[in-house]
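Note that ligands are numbered from 1 as they come in the structure, with each ligand's atoms numbered from 1 the same way.
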Amino acid sequence: MKFFVDTADTKEIADLAETGLLDGVTTNPSLIHKAGRDFVEVVKEICGIVPGPVSAEVVALDHKEMMREAEILRKVADNVCIKVPLTIDGLKTCKALSSEGTMVNVTLCFSANQALLAAKAGASFISPFVGRHDDIGFDGMALIADIRLIYDNYDFGTEILVASVRHPIHILEAAKIGADVMTAPPSVIKMLFNHPLTDKGIQGFLADWAKSGQTIG
Ligand code: G3P
């Protein structure tokens with residue numbers, strides 16, 4: 001399972017990249033606003049930190065304008081992945097860009113049929129939003145399972161990128177279903193490392209080691 005971080009905070013990205021466990025980055029207009037920096041400049045910096053796919057989202061709603069924005073964004077770096085919304089114009093843009101060999105992440109997916117359309121449009125990634133789905137009383141993980149089944153039925157190469165991840169259980173469930181990628185805020189990724197029994201175990205081992213009076217080397 002690939003791990004992407006869902007942020008435009010370059011310091012957080014650099015910190016996580018140091019672990020060697022980060023495979024890519026996703027951004028969206030809200031995260032760019034939160035970072036408070038120039039969009040193209042921050043995407044360029046992120047692409048220099050992480051060699052994997054870095055999603056940068058178009059904000060136009062019509063196909064022609066989406067293509068114009070995508071043209072600017074894809075020139076920023078080779079690892080830019082153009083993010084488009086799951087609309088008719090978004091999928092037209094996805095089809096055009098993917099036919100030219102550009103990576104595309106189709107975002108704001110809330111149904112398995114939408115995911116089927118994105119795969120047919122040649123998307124590199126489909127981003128179902130599990131947290132926002134849960135928020136309105138639906139089962140976000142059931143959506144991931146349905147998409148996995150459909151993509152496997154037809155051998156679609158589109159990767160399932162579980163987005164709107166709110167807690168470690170989302171990641172656990174997504175991994176059990178066999179999702180290809182998850183993207184989560186830095187705080188949620190950091191939670192994965194922690195367990196109270198790991199901390200307690202380290203304390204116990206260090207206390208006994210100190211009593212042994214030994215050193216290594
Ligand atoms: O990047 C898209 C997605 O991960 C947004 O998550 O928490 O705003 O629903 P959230």
Test side-chain contact (heavy atoms from CB on, under 4.5 Å) on I46 and T10 and set out the steps. CA-CA 6 Å; I46 295 169; T10 51; 3.9 Å; yes
Taking side-chain contact (heavy atoms from CB on, under 4.5 Å) as the criterion, tell me which of N153, I147, D152 meets it with L149.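 The passing option is N153.
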For D6, the option from V165, T26, V25, T27 that meets side-chain contact (heavy atoms from CB on, under 4.5 Å): T26
Whether D38 and K44 form a salt bridge (side-chain N of Lys/Arg under 4.0 Å from carboxylate O of Asp/Glu) is what I want to check.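 Not counted as a salt bridge, because no side-chain N and carboxylate O are separated by less than 4.0 Å.
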Using a strict threshold of under 4.0 Å (side-chain N to carboxylate O), is an ion pair present between D135 and R166? yes
State plainly whether one hydrophobic cluster holds both L172 and L197, where clusters connect Ile, Leu, Val, Met, Phe, Trp and Tyr through side-chain heavy atoms under 4.5 angstrom apart. no
Below 4.0 angstrom from a heavy atom of [X], which ligand 1 atoms are there? Numbered from 1 as shown, please.
X    : result
A163 : 4 (O)
R132 : 5 (C), 8 (O), 9 (O), 10 (P)
K83  : 1 (O), 2 (C)
R166 : 7 (O), 9 (O), 10 (P)

Identity and distance of the protein heavy atom lying nearest [atom]:
atom                   : result
atom 2 (C) of ligand 1 : F129 CZ, 3.3 Å
atom 4 (O) of ligand 1 : D6 OD2, 2.6 Å
atom 6 (O) of ligand 1 : S164 CA, 3.3 Å

Between T27 and ligand 1, does any nitrogen or oxygen pair lie at a separation below 3.5 Å?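 No, no N or O pair falls under 3.5 Å.
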For the 3.5 Å polar cut-off, considering only N or O atoms, please tell me whether T183 and ligand 1 meet it.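 No, T183 has no N/O under 3.5 Å of an N/O on ligand 1.
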Using the six-membered ring wherever Trp is involved, compare the ring planes of Y154 and F156 and label them parallel, tilted or perpendicular (cut-offs 30° and 60°).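 Aromatic pair Y154/F156 classed tilted.
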